[in-house]
Amino acid sequence: MTAPYRPSLDEIAAARARIAPYAPRTPLVRLDLGLPDRQIFLKLETLSPIGAFKLRPALNALLSRDAAALANGVATTSSGNMAYGMAWAANRLGLPMAAYMYAGAPQTKIDGVRRLGGEVRFISLETWWQYIIGADRPDFPELLINPVTDQAVLSGNGSIGMEIVEDLPEVDVVLTPYGGGSMTSGVASAVKALRPQTKIFAVEDESAAPVTAALAAGRIVDIETLPSFVKSIGGPSLVPQLWPVARELIDGAVTVSLEQVTAAMRMLFAKSKVVAEGAGAASLAAALASPDATGSVVCVISGGNIDAEAYSTVLAGGIPSA
């Protein structure tokens, strides 16, 4: 696996131009809470055609490849949204597509892949992680696009950061949910190039916080994870190929509880009529809780693909089961 690097502004701009005909720009909206020390803005990736930011990296990963590389179709490894994004992109480009997912992935994302003509191949969580970190790979002919370390994925994600700074030139803090790290790294690459003084924080939930653990230890560590309804962030460790890039770009990590995440989900619905999945609302939870989130604060609301039953539990004041 080729080691990823911090994408340049030129690479991010090229990615943005590639995906523009397919993926409309998402809005940055103010969430007026009357807080004295911070003004919160929401980057609503929930308004993507698939309801999540992953359409950007999926499109750029396909549109930047030549036809020969895609002759046998495309595959990706995903907990849900990257599979959904890749299925959408492959469908538009007329390519066969397969997704390697684990059985605990949200049903709405599994259904979305299948509805767009993608094939879902279920694997164990352990195998899924081995595919993510590049320690193993499936024996199939499709081009396998890594959702974390693929360079075109990072550049596609960078388009979010470019839009944030265009819409809010004086942005002080950007909070992004941290799963594999490709979104955080891509967004931070653009933001830091355009406004170096902006602080970038990775957001995790308390059930699985490998960034917080790595920053404390000064190195990547394996952690114990707890079952959680939040599926798109956290993991047993960090992707070693990407961590050097992410570590250089982020200013710290914020860990939030499931109670804080669900409270943020309810606030998004009540104040803005925004439906967010757990990972998507985690950045708002961090913006409300962290003493470092002051000034003009942007929360990337990364996705809104949550099963109806789980969301109804949240709106009723509860925490969904894992």
Steps toward side-chain contact (heavy atoms from CB on, under 4.5 Å) verdict (Ile123, Trp129): CA-CA 10 Å; Ile123 54 178; Trp129 181 246; over 6 Å; no
Ile164/Thr198 under side-chain contact (heavy atoms from CB on, under 4.5 Å): CA gap, chis, key distance, verdict: CA-CA 11 Å; Ile164 288 171; Thr198 301; over 6 Å; no
Check against side-chain contact (heavy atoms from CB on, under 4.5 Å), Val120 and Phe122: CA-CA 6 Å; Val120 177; Phe122 288 113; 3.7 Å; yes
Steps toward side-chain contact (heavy atoms from CB on, under 4.5 Å) verdict (Leu31, Leu284): CA-CA 10 Å; Leu31 180 65; Leu284 175 57; 3.8 Å; yes
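The existence of a salt bridge linking Asp292 and Arg38 is excluded, since no basic side-chain nitrogen approaches an acidic carboxylate oxygen closer than 4.0 Å. Between Lys231 and Asp307 no salt bridge is recorded (no basic side-chain N to carboxylate O distance below 4.0 Å).
The heavy-atom pair separating Thr262 from Gly318 by the smallest distance is CG2-O, 3.9 Å. Between Ala276 and Met265, the shortest heavy-atom distance links the atoms O-CE, 3.2 Å. Residue Arg6 comes nearest to Ala193 through the heavy atom pair NH2-N, 3.8 Å, listed as atom of the first residue, atom of the second, then distance. Here the closest heavy-atom approach between residue Pro138 and residue Tyr100 is recorded as CB-OH, 3.3 Å. Closest non-hydrogen pair, Ala105 versus Ile110, comes out as O-CD1, 3.6 Å. Of all non-hydrogen atoms in Val203 and Ala286, the two that sit nearest each other are CG2-CB, 3.7 Å.
Checking Asp205 against Ser207 by side-chain atom types alone, a donor-acceptor pair falls below 3.5 Å. For the residue pair Ser232/Lys109, the side-chain donor-acceptor check at 3.5 Å is satisfied. Asn81 and Glu277 share a side-chain donor-acceptor pair at under 3.5 Å.
Judged as a salt bridge (charged side-chain N to carboxylate O under 4.0 Å, His left out), the pairs with a partner in residues 130-146 (not counting sequence neighbours) are, in order, Arg121-Glu142.
With rounding to the nearest 0.5 Å, the separation of OH in Tyr5 from CG in Leu242 is 13.0 Å. Between the OG atom in Ser189 and the CG atom in Leu194 there is a gap of 10.5 Å [rounded to 0.5 Å]. For the atom pair OG of Ser283 and OH of Tyr178, the computed distance is 16.0 Å after rounding to the nearest 0.5 Å. Considering CG of Asn72 and CZ of Phe140, their distance stands at 12.5 Å, rounded to 0.5 Å. From Leu70, atom CG reaches atom CE of Met97 across 12.5 Å, with rounding to the nearest 0.5 Å. Of the inter-residue distances, the one linking Trp88 atom CH2 with Leu55 atom CG reads 5.5 Å to the nearest 0.5 angstrom.
Residues Phe41 and Val174 are not in side-chain contact: their nearest non-hydrogen atoms beyond the backbone lie 4.5 Å or more apart. Using a 4.5 Å heavy-atom cutoff, the side chains of Ile40 and Leu288 are in contact. Side-chain atoms of Leu116 and Tyr84, non-hydrogen and from C-beta on, do get closer than 4.5 Å to each other. Using a 4.5 Å heavy-atom threshold, the side chains of Lys54 and Met86 count as separate. Annotation: side chain of Ser228 is not in contact with side chain of Ile319 (no heavy-atom distance under 4.5 Å). Contact of the Asp222 side chain with the Ser237 side chain is registered, since non-hydrogen atoms from C-beta on lie closer than 4.5 Å. At least one side-chain heavy atom of Trp243 sits under 4.5 Å from a side-chain heavy atom of Val211. When side chains are defined from C-beta on, Ile145 counts as touching Leu62, because their heavy atoms get closer than 4.5 Å.
Tyr102 and Leu226 are assigned to two separate hydrophobic clusters, defined by single-linkage of ILVMFWY side chains at heavy-atom distances under 4.5 Å. Residue Leu168 is grouped with residue Met162 when hydrophobic side chains (ILVMFWY) are merged at heavy-atom distances under 4.5 angstrom, including chains of intermediate members. The hydrophobic cluster containing Ile132 does not contain Met101, counting ILVMFWY residues as joined when their side-chain heavy atoms lie under 4.5 angstrom apart, directly or transitively. When hydrophobic clusters are built by joining Ile, Leu, Val, Met, Phe, Trp and Tyr residues whose side-chain heavy atoms come closer than 4.5 Å, directly or via intermediates, Ile233 is not grouped with Val298. Cluster annotation: Ile306 and Leu258 are assigned to the same hydrophobic cluster (Ile/Leu/Val/Met/Phe/Trp/Tyr, side-chain heavy-atom contacts under 4.5 Å, transitive).
No donor-acceptor distance shorter than 3.5 angstrom exists from the side chain of Ser185 to the backbone of Ser182, with no hydrogens or angles considered. Looking only at distances, no side-chain donor or acceptor of Ser290 sits under 3.5 Å from a matching main-chain atom of Ala287. Asn157 contributes no side-chain N or O that, together with a main-chain N or O of Val187, makes up a donor-acceptor pair within less than 3.5 Å. Between the side chain of Gln197 and the main chain of Asp172, no donor-acceptor pair closer than 3.5 Å is present. Using modelled atom types, one side-chain atom of Ser159 and one backbone atom of Gly156 make a donor-acceptor pair closer than 3.5 Å. Using modelled atom types, one side-chain atom of Trp128 and one backbone atom of Ser78 make a donor-acceptor pair closer than 3.5 Å. A donor-acceptor pair is defined here as one N or O able to donate and one able to accept, closer than 3.5 Å; such a pair exists between the side chain of Arg266 and the backbone of Val314.
The salt bridge (charged side-chain N to carboxylate O under 4.0 Å, His left out) test applied to Glu224 returns no partner, not counting sequence neighbours.
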Less than 3.5 Å apart, which donor and acceptor atoms pair up between the side chains of residues 19-27 and the rest of the protein, not counting sequence neighbours?
| from | atom 1 | to | atom 2 | distance (Å) |
| --- | --- | --- | --- | --- |
| Arg25 | NH1 | Glu166 | OE1 | 3.1 |
| Arg25 | NH2 | Glu166 | OE1 | 3.1 |
| Arg25 | NH2 | Asp167 | OD1 | 2.9 |
| Thr26 | OG1 | Lys43 | NZ | 3.0 |
| Thr26 | OG1 | Glu45 | OE2 | 2.5 |
| Thr26 | OG1 | Arg56 | NH2 | 3.2 |

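Each of Thr108, Val275, Asp111 was scored for a side-chain contact (heavy atoms from CB on, under 4.5 Å) with Asn305, with one residue passing: Thr108. The only option from Val148, Leu144, Thr127 that meets the side-chain contact (heavy atoms from CB on, under 4.5 Å) definition with Thr77 turns out to be Leu144.
No more than 12 heavy atoms of other residues, nucleotides or ligands lie within 6.0 Å of NZ in Lys199, so this atom counts as exposed by the packing criterion.
For the pair Lys273 and Phe269, the cation-pi criterion (under 6.0 Å, within 45° of the ring axis) is fulfilled.
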